[in-house]
Amino acid sequence: MHKIWMVVDPRRSLFLAMIAVIAVATIIHFVVMSSPRYCDHWGWCATSPTFTPGQPVGR
């Protein structure tokens, strides 16, 4: 294992892994928050001016 760490810088590897985890978490967060279940709760996807948060999405 030590030979692998002699080739790969552990600080750079851990930093890149941290950035990748944050990026995936952010993408998942925005995908879930833009889904109809949560989108109507926050009112981000309201299509009508009479929309109230928590109102079911009409399809």
Side-chain angles (χ1 to χ4, degrees):
M1 190 70 184
H2 74 280
K3 290 182 181 181
I4 293 173
W5 290 118
M6 292 183 75
V7 174
V8 179
D9 183 23
R11 289 174 292 179
R12 184 178 298 164
S13 301
L14 293 174
F15 180 75
L16 292 176
M18 179 183 67
I19 295 299
V21 167
I22 290 171
V24 169
T26 302
I27 291 169
I28 290 172
H29 172 79
F30 282 112
V31 166
V32 169
M33 292 306 289
S34 65
S35 68
R37 179 177 179 180
Y38 295 103
C39 187
D40 64 340
H41 176 73
W42 291 101
W44 290 353
C45 300
T47 57
S48 68
T50 59
F51 178 81
T52 56
Q55 173 184 357
V57 176
R59 295 198 186 245

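Since this is a predicted model, take the numbers as computed values, not measurements.
Applying the side-chain contact (heavy atoms from CB on, under 4.5 Å) criterion to I28, with sequence neighbours excluded, gives V24, V32. Applying the side-chain contact (heavy atoms from CB on, under 4.5 Å) rule to M6 yields the partners H2; only residues at least two apart in sequence or on another chain are considered. A search for salt bridge (Lys or Arg N to Asp or Glu O under 4.0 Å) contacts involving R12 returns nothing, not counting sequence neighbours.
Under the 4.5 angstrom side-chain criterion for Ile, Leu, Val, Met, Phe, Trp and Tyr, the cluster partners of V31 are I27.
Among residue pairs with one or both ends in residues 24-34, none qualify as salt bridge (Lys or Arg N to Asp or Glu O under 4.0 Å); sequence neighbours excluded.
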